[in-house]
Number of protein chains: 2
Amino acid sequence: MKEYQTDPFKGTFGSLENLADKISDVLSCPVTIEDQNHRLLAYSTHEDSTDPARVATIIGRRVPEKVVNSLWKDGVIPRLQESDDPVRVSSIQKVGLGDRVAVSIRKNSEVLGYIWVLEVEKKLTADDMHLLKLAAVSAKSQLLQMQIGTKKKEENRQELFWKMLTGNLPHEERILEKLHELNILPVLPAVVFILQLQEEVTPALEKDILYLAAVNQKINVLLSAADSNQMLLLASPVGKEQPLDLAKSFVESFFTHMKERFSVSEIKAAYGSLVTSFTQVEKSYKEASSVLAVQEKLGGETLSLTGYHELGIYQFLDTIYEKQQRQGYQNEMLKSLQEYDRLHKTELYHTLETYLTMDENLNKSSEVLHIHMNTLLYRLKRIGEITNIDLKSPHQKIMIYLDFKINRLF
Amino acid sequence: MKEYQTDPFKGTFGSLENLADKISDVLSCPVTIEDQNHRLLAYSTHEDSTDPARVATIIGRRVPEKVVNSLWKDGVIPRLQESDDPVRVSSIQKVGLGDRVAVSIRKNSEVLGYIWVLEVEKKLTADDMHLLKLAAVSAKSQLLQMQIGTKKKEENRQELFWKMLTGNLPHEERILEKLHELNILPVLPAVVFILQLQEEVTPALEKDILYLAAVNQKINVLLSAADSNQMLLLASPVGKEQPLDLAKSFVESFFTHMKERFSVSEIKAAYGSLVTSFTQVEKSYKEASSVLAVQEKLGGETLSLTGYHELGIYQFLDTIYEKQQRQGYQNEMLKSLQEYDRLHKTELYHTLETYLTMDENLNKSSEVLHIHMNTLLYRLKRIGEITNIDLKSPHQKIMIYLDFKINRLF
DNA sequence: AAAGCATTTGTGATAATTCACAAACGTTTT
DNA sequence: AAAACGTTTGTGAATTATCACAAATGCTTT
């Protein structure tokens, strides 16, 4: 096994720029150094090509908001903050991020900043990773000397929101403190909304949606963030009506407003359950996400279900699925149908799903399937023979219906 | 506060009988002392009335099997074994057990026996409890002197089975050892069966059922136990067919056999899922129990569901219920129906449940409900108005159906 | 190419359901 | 007591679902 190299980053470099260049030389990759607020401190003058995220960072002297959000969402930042080991980040096309490796610069448990290494022309080896760790130590002394690290962490609204959304702020008091610092009134109960367009949420659109929420008067927005084509809101319903009814009417006004610009099918909206403490924001966000997942995977009538509480049985599909997985359950009937379909090039599986989804209405189902009613009748008889499903048993039908939907969702 | 009394059980008593009498004197209650295998060692000659369990214990020189089983099932024995504090056991009518307090006699972590105090005419006070603890210490020296405590614990089949059923033997190797000691071949996979009669399972019936299982050849019984009106089996299906199919045919043969003696509705049977290790026996037992619970609470078509794997959607009702509880979910529609019924003395709730259970068949439902078909039609229209349930939406119907069943089960 | 099979479509008869409407009944309200 | 209301039952017609059967199609097997 190779011996550890001597530390090439020993001694002082005069400036962080020099250190960045040195790291870049040693690793043969472009390097950027940021402070704990993701503001650019230094970057290497590596001649190689780079990626859009790095360009935007250098131009704006700060890592773009959407890149930071994306890194929070994927749990990269928490991982960096927890350990002084380098973390590899696979490219995230949506935010223009190429493959790269990052390491935190830390003094004990306090994070002073980050070093990012772009893997444009080579992948870092295990040895490189070790070198990068040494570089972080060197950067630490540099930062401390320059007294950059002593600057208090300035958290902005977006970052706070993402921490709440991803569950990286599990202490209610600390959240309340930070909300206070940011001059946000901690109004509860609150709900997390996801408003999803087909295109990128531009700052203009963002402003527009917030304006809409303000004039709508149904909800009071505490925090907001744009996440590619989604706009996320943490808001508190205000008024005499049921809080969740207020949430629904806000969503509806959002729909009518957006209809003028986009076709209806392109925009979607969802919200989670009402939370009574800010530590539950992650839960509400996850619930809103699962509403969107149901809408996208199941379509149809589910498109009108925007609140998690409206999901009905769809709320429990994941729970049921998990239990099925644990028990190694398989729906034999549906499997035999699929097997039959494969062998005979028929569509019994789809036929049965449509029939059940169409409330067992022969007319509607045959219409949707573009087949003669007698064909449907014949197929149903056939399905009964093949699977011995008893279509007169609600108990059996329900299990099959749910398994159809579970198969779509997972 | 009262000072601690001096220890009245200091010194030797010559025999355990003397100690039992002394304890009985001090506490003014009948006392029995058992070894770790629940064999009678001594009992007080207290003149007071006693209970059937104690009489049977004294007559048989051992605590009756069913009493021991019941104590295992309620977790009393494990609690006694884990701590040297006295445990109070409320009366268990089924096995003739009156209120009593027990304490384990132990040498370090090893249990040598138990002292039982019947609370026939007085309840033990906190001071009495403390005295009982001192008595256990005295009993310990007595037992060790008599070298009774050094006898190796002889576990019998029943006790082993109950430990497995209650999850008090979480180590596979130890179970295998014990099975070996008892000359039982550890055949896997296995299933837990519960066969339930309306009357007590007598030794004669027990023998009869085991004989039936033997001649039936579908399953190989490893362990069995009678528990009031239930007979529990741990058995391994043998044959070329699917193991669970074999389980079902055994149950069917059990039914046909028992029909000769009892009416069909009086006997029930259920079995859990196939386990591949003996540590999962508890799970299979719980599953079989939940099948029985479904049969008893829901009746109807569920009576023909004997295997846990056949439960279909009923398998998930507890999971769904738990999640609902966590979220504070309430089915508003059903609640408003019940409210309406209460105010107007109608039966819309029951009407809807019957209609859905009868597969939305107007004829059958109106017949079962003893009402005119148009009345049913009218009620359904009314239900739609009151609850805005859309009976054309499978999604809504399913949620409501499940909530009906959940309301019955929990 | 012919036969066999599963599937689809069409026709017509029959059964079940839904709907509209009216009358009767029982409670509660005025 | 009359009126109002919700409920039940009855009648008949319109709609829808189900069944039996025949014919046609397409595919595989022989």
Side-chain angles (χ1 to χ4, degrees), chain A residues 301 332-398 400-401, chain B residues 301 332-398 400-401:
Chain A
E301 69 160 356
E332 300 301 332
M333 309 199 175
L334 295 194
K335 271 183 74 182
S336 60
L337 265 197
Q338 283 173 317
E339 184 63 13
Y340 190 91
D341 277 352
R342 206 175 51 77
L343 289 175
H344 295 77
K345 286 165 193 163
T346 48
E347 292 190 344
L348 298 186
Y349 181 93
H350 181 231
T351 303
L352 183 56
E353 179 173 10
T354 309
Y355 177 67
L356 290 179
T357 306
M358 290 292 148
D359 194 37
E360 299 162 73
N361 183 309
L362 286 173
N363 255 325
K364 275 192 225 161
S365 311
S366 55
E367 205 173 291
V368 170
L369 289 167
H370 303 295
I371 55 173
H372 194 272
M373 226 177 80
N374 280 353
T375 307
L376 178 52
L377 227 38
Y378 169 77
R379 286 187 187 173
L380 291 175
K381 205 176 72 189
R382 221 57 200 82
I383 288 168
E385 288 165 8
I386 293 165
T387 63
N388 54 58
I389 291 172
D390 179 9
L391 284 175
K392 305 254 159 157
S393 156
H395 153 232
Q396 280 194 39
K397 276 190 301 203
I398 288 175
I400 287 165
Y401 181 90
Chain B
E301 68 159 355
E332 300 301 331
M333 308 197 175
L334 295 194
K335 271 184 76 182
S336 59
L337 265 196
Q338 284 174 315
E339 184 63 13
Y340 189 92
D341 277 352
R342 204 174 53 77
L343 288 175
H344 295 76
K345 286 164 193 162
T346 47
E347 292 189 342
L348 298 185
Y349 181 93
H350 181 229
T351 303
L352 183 56
E353 180 174 9
T354 311
Y355 177 66
L356 290 179
T357 306
M358 289 293 148
D359 194 36
E360 299 160 75
N361 183 310
L362 286 174
N363 258 325
K364 273 193 226 161
S365 311
S366 56
E367 205 173 291
V368 170
L369 290 167
H370 302 296
I371 55 172
H372 192 275
M373 228 177 78
N374 279 353
T375 307
L376 178 52
L377 225 40
Y378 168 76
R379 285 186 187 173
L380 291 176
K381 205 177 73 186
R382 228 44 207 88
I383 288 168
E385 288 164 9
I386 294 164
T387 64
N388 54 59
I389 291 173
D390 180 8
L391 284 175
K392 306 254 159 159
S393 155
H395 153 233
Q396 280 193 41
K397 277 190 301 203
I398 288 175
I400 288 164
Y401 181 90

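Chain letters run A, B, ... following the sequence lines, proteins first and then strands; every chain starts at 1.
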Handout entry: Distance, rounded to the nearest Å, where A:Glu360 contributes CD and D:dA17 contributes C1'
Key = 13 Å
Exercise for the section: Starting at atom CE of A:Met358, determine the distance to atom P of D:dT16, rounded to an integer number of angstrom. Expected result: 16 Å
Problem - Separation of atom CD in B:Glu385 from atom C1' in D:dT7, rounded to whole Å - result: 12 Å
Practice task
Measure from the side-chain N and O atoms of A:Gln396 to the backbone N and O of A:Ile389, and report whether any donor-acceptor pair falls under 3.5 Å.
Solution key: no
Practice task
Examine D:dA17: is either OP1 or OP2 under 4.0 Å from a nitrogen or oxygen in the side chain of A:Asn363? Give yes or no.
Solution key: yes
Problem - Distance in angstrom units between A:Leu362 CG and C:dT17 C1', rounded - result: 12 Å
Completion exercise
When every non-hydrogen atom of B:Lys397 is compared with those of B:Leu391, the smallest separation belongs to NZ-O, 3.2 Å
Practice task
Search all heavy atoms of A:Met333 against all heavy atoms of A:Asn388 and return the closest pair with its distance.
Solution key: CE-O, 4.1 Å
Completion exercise
Only residue of A:Lys345, A:Lys335, A:Arg382 satisfying side chain to side chain donor-acceptor pair (under 3.5 Å) with A:Tyr340 is A:Arg382
Handout entry: Between P of D:dT16 and NZ of A:Lys364, the distance in whole Å
Key = 11 Å
Problem - Atom-to-atom span, CE of A:Met373 to P of D:dT15 - whole angstrom - result: 15 Å
Practice task
To the nearest Å, give me how far apart CD1 (B:Ile383) and P (D:dG6) are.
Solution key: 16 Å
Handout entry: Exam field: side chain A:Asp359 to backbone A:Asn361, donor-acceptor pair closer than 3.5 Å
Key = no
Completion exercise
Whole-Å distance, A:Leu343 CG to D:dT28 P, equals 12 Å
Just the atom pairs and distances: protein N or O near nucleotides 7-15 of chain C's N or O, under 3.5 Å.
residue: C:dT7; atom: OP1; partner: A:Tyr340; partner atom: OH; Å: 2.7
residue: C:dT7; atom: OP2; partner: A:Tyr340; partner atom: OH; Å: 3.3
residue: C:dT7; atom: OP2; partner: A:Tyr378; partner atom: OH; Å: 2.9
residue: C:dT7; atom: OP2; partner: A:Arg382; partner atom: NE; Å: 2.5
residue: C:dT8; atom: OP1; partner: A:Arg379; partner atom: NH2; Å: 2.7
residue: C:dT8; atom: OP2; partner: A:Arg379; partner atom: NE; Å: 3.1
residue: C:dT9; atom: OP2; partner: A:His372; partner atom: N; Å: 3.3
residue: C:dT9; atom: OP2; partner: A:Thr375; partner atom: OG1; Å: 2.8
residue: C:dG10; atom: N7; partner: A:Asn374; partner atom: ND2; Å: 3.2
residue: C:dG10; atom: O6; partner: A:Asn374; partner atom: ND2; Å: 2.9
residue: C:dT11; atom: O4; partner: A:Asn374; partner atom: ND2; Å: 2.7

Fill in the blank from the handout: The reported gap from CD1 in A:Ile383 to OG in A:Ser336 (rounded to nearest 0.5 angstrom) is 10.0 Å
